[in-house]
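Computation of the quantities below employed the complete heavy-atom set of this structure, encompassing side-chain atoms and omitting hydrogens, waters and symmetry-equivalent molecules. Both counts, for ligands and for their atoms, begin at 1 and track the order of listing. We count residues from 1, following the sequence as given.
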Amino acid sequence: MMIYKRSSALFAEAQEVIPGGVNSPVRAFKAVGGDPIFVKEAKGAYLFDEDGNKLIDYINSWGPMILGHAYQPVVDAVIERTKKGTSFGTPTELETQIAKLAVKMVPGIDKIRFVNSGTEACMSAVRLARGFTGRDKIIKFAGCYHGHSDSFLIQAGSGAVTFGSPNSPGVTQGTAKDTLLAEYNNLDQVREIFEANEDEIATVILEPIAGNMGCIPPAEGFLEGLKALCEAHGALLIFDEVMTGFRLAAGGAQELTGVQADIVTFGKVIGGGLPVGAFAARNEIMNHLAPLGPVYQAGTLSGNPLAMAAGLAMLEALDRDREIFKRLEEKTEYLHKGIAQVLIENKITHTINRVGSMISVHFAEEAVTDFASASAGANDTFKKFFHGLLAEGVYIAPSAYETWFITDALTYEDLDATIAAVAKIAPTL
Ligand SMILES: *Cc1c(COP(=O)(O)O)cnc(C)c1O
């Protein structure tokens with residue numbers, strides 16, 4: 001059993017001066033109860049918290065640390081750059097270097113613009129799509145997350161295809177009415193929305209492999225169907241690859257699925273653990289962006305040298321050793337099989353979804369294919385699962401709607417230890 005005395009004390013202190021004690025809500029343990037863990041340091045596959053506990057980490061900063069924590073080439077690159085100044089507000093050669101590498105690795109893009117977060121990337125991609133098409137409306141899917149900009153904080157009301165209503169106070173009705181909602185994997189619904197809004201849809205944005213309602217793969221033909229609908233109706237297809245980019249393959253979900261989007265957004269892995277986002281497209285679209293074109297987008301710290309150095313070291317490592325993606329998938333499959341066997345032996349109802357190095361365990365009877373089925377899982381069981389694993393030194397995301405991220409730093413011993421932890425707690429679920 002682990003002790004969390006110091007973490008709890010630090011959390012109490014943080015709550016005095018930071019809303020909820022956290023700078024991003026997912027870090028709080030609201031969905032599972034209890035206090036978040038304050039991390040002191042991390043190396044490879046492990047977190048070391050303020051109470052001296054060692055945890056096997058399956059969150060990995062919510063995706064970026066695909067090669068494990070404190071990956072040496074990234075650490076070295078950042079230290080070296082820091083000595084030369086941390087921000088100039090002028091172009092640097094580094095930005096061209098990482099841009100060239102990204103353009104080489106990702107299919108179908110000519111140019112890429114760097115920003116500071118996935119939120120910024122998606123927000124800017126939608127503005128670009130609107131500017132390019134001269135249209136206002138966007139289609140998004142319930143359960144897909146594209147950051148916290150106003151247009152995206154809209155959820156489906158009982159899966160109905162209606163005008164969105166804001167699900168965060170502060171998002172105006174005016175903004176919400178331009179975001180149209182569909183169910184993930186429901187192509188017919190998207191077709192109906194297009195037909196009801198002829199010549200009004202600027203873009204369809206989605207996670208090509210969803211990762212923010214657990215891991216949900218696209219149904220056979222779903223992505224191809226969206227692409228065909230976009231082409232038929234003059235809309236742009238945006239793949240939000242903030243999570244999947246440089247994770248599922250060097251070329252992300254586009255490479256994995258063979259479907260080419262019009263605009264692709266990045267974040268997480270592309271920054272190697274520093275704050276980076278990016279969006280990219282072919283010239284025809286990217287040339288609409290300021291200062292070349294009329295669509296405005298800017299950032300004082302965009303392309304920051306430390307962030308670019310970290311991102312470049314990360315992408316170079318992934319480009320050099322493409323076997324990484326295969327290794328990650330094999331480890332994820334091993335974990336999947338191990339956990340599934342234990343849950344079956346203990347007669348625990350579950351569904352495990354997995355694509356590449358993304359995996360999620362749902363305590364649900366039916367297949368998890370969209371937001372509604374992801375929501376049908378037994379949350380009480382998940383809470384016990386989460387706290388049980390934590391007590392055994394295994395740290396998964398504190399919500400049933402999150403994907404686990406497998407890193408190259410995880411050894412098969414770590415995976416066995418994780419499966420053993422599941423076996424130990426399974427009778428209590
Ligand atoms: C994390 C995430 C975002 C938001 O990125 P931030 O860097 O947190 O702003 C957007 N889209 C997807 C698919 C994500 O997973």
Inset, instruction - Report all protein residues having a heavy-atom distance below 4.0 Å to some atom of ligand 1; order the list by chain, then number. - result: Ser117, Gly118, Thr119, Tyr145, His146, Gly147, Glu207, Asn212, Asp240, Val242, Met243, Lys268
Inset, instruction - Check salt bridge (Lys or Arg N to Asp or Glu O under 4.0 Å) between Lys100 and all other residues, then give those that pass, not counting sequence neighbours. - result: none
Legend entry - Arg127: salt bridge (Lys or Arg N to Asp or Glu O under 4.0 Å) partners, not counting sequence neighbours: none
Legend entry - Any pair counted as side-chain hydrogen bond (donor to acceptor under 3.5 Å, both in side chains), so long as it reaches residues 396-407, sequence neighbours left out: Ser375-Tyr401
Legend entry - Under 3.5 Å donor-acceptor, Thr179 side chain and Ser151 backbone: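 Answer holds: yes.
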Legend entry - Aromatic plane relationship, Phe246 with Phe266 - under 30° parallel, 30 to 60° tilted, over 60° perpendicular: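 The rings of Phe266 and Phe246 sit tilted, inter-plane angle from 30° to 60°.
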Legend entry - Glu224 atom CD, neighbour heavy-atom count above 12 within 6.0 Å: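 Yes, the 6.0 Å shell around CD holds more than 12 heavy atoms from other groups.
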